[in-house]
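Data block below; observations after.
Because only heavy atoms are used, hydrogens play no part in the values below, and waters and symmetry mates are left out as well, while side chains stay in.
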Amino acid sequence: MPLIIKDEYPEKLFREDGKRLDGRELNELRPIKMEVGVIKSADGSAYLEWGNNKVFAAVYGPREVHPHHLAKPDRGILRVFYRMATYSVFDRKRPAPGRREKEISMIVSDCLEPILFLELYPGTSFEIFIEVVDADGGTRCASTTVAALALADAGIPMKSLVSAIAVGKIDGKQVVDLSGIEDKAGDADLPIAITWYNEEISLLQFDGEMDLDEMTKFLDIAKDALSKIHQMQLVSLKSKYITLKEGEGEKKR
Amino acid sequence: MPLIIKDEYPEKLFREDGKRLDGRELNELRPIKMEVGVIKSADGSAYLEWGNNKVFAAVYGPREVHPHHLAKPDRGILRVFYRMATYSVFDRKRPAPGRREKEISMIVSDCLEPILFLELYPGTSFEIFIEVVDADGGTRCASTTVAALALADAGIPMKSLVSAIAVGKIDGKQVVDLSGIEDKAGDADLPIAITWYNEEISLLQFDGEMDLDEMTKFLDIAKDALSKIHQMQLVSLKSKYITLKEGEGEKKR
Amino acid sequence: MPLIIKDEYPEKLFREDGKRLDGRELNELRPIKMEVGVIKSADGSAYLEWGNNKVFAAVYGPREVHPHHLAKPDRGILRVFYRMATYSVFDRKRPAPGRREKEISMIVSDCLEPILFLELYPGTSFEIFIEVVDADGGTRCASTTVAALALADAGIPMKSLVSAIAVGKIDGKQVVDLSGIEDKAGDADLPIAITWYNEEISLLQFDGEMDLDEMTKFLDIAKDALSKIHQMQLVSLKSKYITLKEGEGEKKR
Amino acid sequence: MMNVKRIVSRIEKNYILSNLRKEERIDGRGLWEYRKFSIESDTIASAEGSADVTLGDTRIITGLKYDIGTPFPDLPNEGVCTVMAELLPLASPLFERGPPDEQSIELARVVDRGIRHADCIQTQKLCIKEKEAVYILFLDMYVINHDGNLIDTGGVSAITTLLSAHLPEGIIGDNGLEWTGKYLTGDDLVNELPLVLTYGKIDDIIFLDPNLPEELVCEGKISISVTEKKITSIQKSGATTFSIDDIKMLGKKSLEISQKLRKELNLLQYKTSIK
Amino acid sequence: MMNVKRIVSRIEKNYILSNLRKEERIDGRGLWEYRKFSIESDTIASAEGSADVTLGDTRIITGLKYDIGTPFPDLPNEGVCTVMAELLPLASPLFERGPPDEQSIELARVVDRGIRHADCIQTQKLCIKEKEAVYILFLDMYVINHDGNLIDTGGVSAITTLLSAHLPEGIIGDNGLEWTGKYLTGDDLVNELPLVLTYGKIDDIIFLDPNLPEELVCEGKISISVTEKKITSIQKSGATTFSIDDIKMLGKKSLEISQKLRKELNLLQYKTSIK
Amino acid sequence: MMNVKRIVSRIEKNYILSNLRKEERIDGRGLWEYRKFSIESDTIASAEGSADVTLGDTRIITGLKYDIGTPFPDLPNEGVCTVMAELLPLASPLFERGPPDEQSIELARVVDRGIRHADCIQTQKLCIKEKEAVYILFLDMYVINHDGNLIDTGGVSAITTLLSAHLPEGIIGDNGLEWTGKYLTGDDLVNELPLVLTYGKIDDIIFLDPNLPEELVCEGKISISVTEKKITSIQKSGATTFSIDDIKMLGKKSLEISQKLRKELNLLQYKTSIK
């Protein structure tokens, strides 16, 4: 029913002044805020605001595997549980986890696993819980980015961070960091993540239409944007430690 | 659909002669019938008719815990499964157990556990199954009362019996033992149980509106009614044993 | 919705020339095609076309039992999982297995178990998966028949094959091998299976109306038809081996 | 108390079997003899019909509820009746919690088919307005005590519940559904009184109405539903086989025994006739 | 980091208890003292109302969503509000994945009853057209951090969310539902501001607002919802008993403490009044 | 018979890998070579379109069913097509019973996106009456035999099923939905013929169409859907990474290989054109 009032997509996704509807340039990111250590009982945690997205991530592990038969004798396992709050989207989501949530959980897991040394933790599991409490396009990228922070906060050895972003095409133009409306009304969507230890791609999806030249350009603009995200991740991890140095044991919220 | 014909609540819950719609005085109980040992295969069982409520309870235990991980090394566990038959209420209940049934199961369990010596039964479980085949207000109290009888019938050591009743307010007056219609159309509902070994309250819920004086009066009239229920429980346990003496091994139905 | 166009049953189930709607005589079978060894990864498998029915069966076992608590210390267990593809019936079936599928699974299992020597396989299980990809009446009989072939293909010791067929009554006349339309619009339906080692009945159901004489006649015409099915099963098993001899290791599809 | 979950020993099986060979049962009955039925009807105030039936120590309480729905397109003037069964874990350590298992599906299905194919319910009486509104009946059986032969107990329980029915009578008026204040009763609805008879088989011995110890050692069972003169439904279950002659014999037996039982039970006494 | 899943030792229990006997808490509070509440409202852009509430380190984020449906026949001009709670495994190793467990059902139920029986929501304002269309509200609570006393945190979170509500206003026009472009807000909807107060009991000591270590050794709890002058809901939980005098004392305490808390929180500041 | 559930040994992985390094496959293929496709269409009488497709020994049978529903408000004149996949435990000891797991969700999603974003289906042809009635298509894939690369097999199977479609044509007349007796066919519905190509990666070697033994030792995969000239969908899966140059190379390869495959398969021959 709510569909009736909101899901009227604008005819154009650019304003008269050539900027995007939210005032951004083609290659401009939405405002981002990162914070680590927000969930007291977790082994590591982080919080990310990215435009209107609000996402929590918590890491538990290495710990015993439940159920036991999932354990692997020669390595640890990584399990990611991506969930959206019922109220995080326009039409209330049903409370039980849906297919989409399971699919994104798998994608995020595939994207984080390369940065871990799971072979050092035989028989155990790492569990990452991700809760999207407000969603506005790009939640899989936001989730990947915040989960990497939570892993780092947990002090788990990592080859590097991983950063993710969605680039795409709206009204025929290539842009970075699609907003929710740009994602729905746009022409193409390419979420991508880079693991910094080898500068390779660990998440890649695409829906839309592109030729080979367009693909090359997408990969170029994504890489620029991902470098910015990576810097922010590094700063947020550092500033937390700074904070901790200033007032040992205190945690911000 | 059935709602259309039945759920027209009366405007008044008292008759012209000052009695309640079913002819009772303010502090009068509905007719009650108790019987123990009604389910042959159970370790203990009882049946209760309380007004139009008809409730069976069966106890199994101490026995092995399924699933095993629920077992506790230092004590037994009590599990209560309260269920209503689909036809026990005006609108057919869906067959799968609902939230309400899980909630009442927990309440009844909390209310029975204090009378047991669970520390004597490490690693085992007691399971109490309660089936409401006809419901007319106060099923959680009836269930508590009949479950206590079933435990006694099983010969399980108990500190005392427990008895339960719902008092409430209808058309502004405090009454004992709310019927179904009084529960739905009334102003307040206070189910309460007393464990007789310490004369304390082991179940207490309230919904409605009361000031402190009203609360005091509710507790007073509840205690009187609970004494009557307790007497009936004791008699029903005794008369079963008597029956058993007269015709050893025979069980009445 | 599709109901509207198709589920108009014909008024008569016989043509003017006395033949059935699909041109068959009273005791004539629909066209049947059997093939064994169609599923490479299974321990044994078979495929059956019977009229418009198309059914696959695969056998796995003897193998470890999951979950473990179902295992029996003194014998193997047989588990049959009968499923229908969503598109195998006129109105799309819901993907999750329904009650009907569970019921037929049990019936087929009961019917196959007598031909096996389960006492020789303590602690293990045989699992038979049956998938109906196209259904047109008599799927439980087709499933039994094809499952017996898959068991034989797996090289599992058997007392004999088992064959099944549905006989019934349409427009007052007894016929063999009911088609889908005859099953729905007919007067009576009697699926039956015979285990050939003792020539006894291992599956028997009936819905309709019959007196004792009619029952006798049903059993007689069923037995004739079942002999034909049995011959076809034997030939199909043999011809597979012949094929194998001609081109060792090759599998037909 | 008997621990029914024990693995039934070979010794016990042989004891039951050797008795059967002498045409004797462990509870003293003959091979073709029922335990005692006792029936109470209309015991559940919240239901629109109900029955509390025991056969020996097996006890099933069944209730009838209804809803109003639109009829199936191909049967525009017929109501619908669905049958459900729950084997309560309250009743027996053999029954487990959780969604309906194979045994409860079988109980519901065999009882349902016994009713359905005997034209027991006059489904056209359940039509309120053609193509628009019909009664949907829910006949729900709960097993309260389990001492074997749930199916025959359930069958009597279902018929008695239908006989005791009292559904508020609806009509479609100008403002949609209205209630007349009268009732549709078992008197209106029930056409035929089918009975279902269940036989156990151990080795080559067949016998009526297996009690629980017998059921636990049975290799197979067969349930046969009959009206006064016809067989209307058959269900064989269990991993055993029956000879063709056995089947013919059981068809004949079922018609004979049911005629006697029908008289004894006199089910029509449970008909509700309030209007 | 505290491993909350450890079995709480007898020593620890005794430590907590001996402090309580001296009317002291392990975090320095008195027996009848709350930890600090902090509240942010309308933080979720996708929700039609929301609140982010912490009590000590316990944190719950609640959001409001709606749908349009037909009213219940017996309440033809009243909307409906349902409350759900999820104890996210993100928040605590004590919470497991899967369908709602007893603890989350209890949280939702006690908060729901606290609202419902205090006439907190003017449900008639949720009616768009009598008998035809009403708002169905979903008040969904997610536990983000768990340090004890979810219920009182949830209670404040639910009220704040309702106060911050902004539902698009609908009317039934000639072409069905239309949106006026205005909003129904917390200003229109909220009538009363009930608070729920939860007490723990260890041995014979009772105290307000148990934190997580206290909750883990508690034998029982009691939650009391109150408006300015009345008790509107009670829920006792846990396998313990309370004396009748305890109950009377807690009723009195609840009215006193809530009056003070109500002033401190000043919840009306979170009212949305855009129209 | 190969026991696919064994833990793939390091030796075996090295064997497969050392072959790949020599640009050889264990089944004799080159790195960029498909196994043989074979296709039968319209094999399921009960379905409104179907295909039985094998790639090597991998076999998927897909069927099309439909329902009539109301369109989404924002797409009032477009029908809908949903894709489902079941990895039958019949097909492989690697597949387990139960609700769809991650692998079947992935199969359905990648095939779905391959169709959806290539404008394969003319969804406006699925409109019966604007805002009122549209076809809802169900494209359900069942894996009958599993020898690796379900996705590419599923992709061809889905397109072939759509080409073979024959939906009864409906119109909204005065009495609601009526059937004209004619059919909507693949000829009407299918616009584009997207193909999906899946590559495996072991160490730093990438290759087309992994068979099952290869899949079991793969560290990751990437699926690329293409129309004649464009890339329309990409899905990377598995815990590995690809260099940016790899991605560019695979985009190019996919367009080249698919052009050849498209000619060989000649899918238009499976178009149903009955009217």
I'd like to verify something: which residue of F/Gly170, F/Gly69, F/Ala91 has the highest number of heavy-atom pairs under 4.5 Å with chain C? F/Ala91
F/Leu88, part contacting chain C, at a heavy-atom distance under 4.5 Å: side chain
Expected contact set for residues 105-116 of chain F against chain C at heavy-atom separation under 4.5 Å reads none
Contact class of C/Pro97 relative to chain F, heavy atoms under 4.5 angstrom: neither
Could you go step by step and tell me if F/Ile61 and C/Glu131 meet the side-chain contact (heavy atoms from CB on, under 4.5 Å) rule? CA-CA 11 Å; F/Ile61 300 181; C/Glu131 189 73 26; over 6 Å; no
Would you say F/Asn145's side chain and C/Ile39's backbone share a donor-acceptor pair under 3.5 angstrom? no
Sub-3.5 Å donor-acceptor pair from the side chain of C/Lys54 to the main-chain atoms of F/Thr43, do we have one? yes
Which of C/Ala85, C/Ala57, C/Ser88, C/Ser45 touches chain F most, by non-hydrogen pairs under 4.5 Å: C/Ala85
Apply the test side-chain contact (heavy atoms from CB on, under 4.5 Å) to residues F/Ile44 and C/Tyr87: give CA-CA distance (whole Å), side-chain angles for both, the deciding distance (0.1 Å), then the verdict. CA-CA 8 Å; F/Ile44 306 295; C/Tyr87 50 70; 3.9 Å; yes
Within the supplied structure, the quantity of interest is the number of heavy atoms (other residues, nucleotides, ligands) at a distance under 6.0 Å from F/Lys271 NZ; does it exceed 12? yes
Any residue of residues 129-139 of chain F which, by heavy atoms, sits under 4.5 Å from chain C: F/Phe138
Counting only heavy atoms closer than 4.5 Å, note whether F/Thr62 contacts chain C via side chain, backbone, both or neither. backbone
Counting N and O atoms only, with roles assigned by atom type, does the side chain of F/Tyr66 sit under 3.5 Å from a partner on the main chain of C/Arg92, one being a donor and the other an acceptor? no
For atom OH of F/Tyr15, is the number of surrounding heavy atoms from other residues, nucleotides or ligands below 6.0 Å larger than 12? no
Pairwise side-chain contact, F/Pro93 with C/Arg63, heavy-atom cut-off 4.5 Å (strictly under): yes
Does the pair F/Arg97 and C/Arg83 meet the rule for a side-chain contact (heavy atoms from CB on, under 4.5 Å), with working shown? CA-CA 11 Å; F/Arg97 287 180 305 117; C/Arg83 296 285 310 276; over 6 Å; no
Cut-off 4.5 Å, heavy atoms of chain F, and the answer for C/Tyr60 is side chain
Backbone N/O of C/Thr86 and side chain of F/Asp140: donor-acceptor pair under 3.5 Å: no
Considering only heavy atoms from C-beta outward, does the side chain of C/Val133 approach that of F/Tyr142 to under 4.5 Å? no
Relative to chain C, which segment of F/Glu86 carries a heavy atom at a distance below 4.5 Å: side chain, backbone, both, or neither? side chain
Heavy-atom count around F/Gln269 CD within 6.0 Å, excluding the residue itself: above 12? yes
What closest approach, in Å, do C/Ala135 and F/Ser46 show between heavy atoms, and which atom pair accounts for it? O-OG, 3.4 Å
When the 4.5 angstrom heavy-atom criterion is applied to F/Asp57 and chain C, the contacting part is side chain
Looking only at atom types and distance, does a side-chain atom of F/Lys65 sit under 3.5 Å from a main-chain N or O of C/Val89, one as donor and one as acceptor? yes
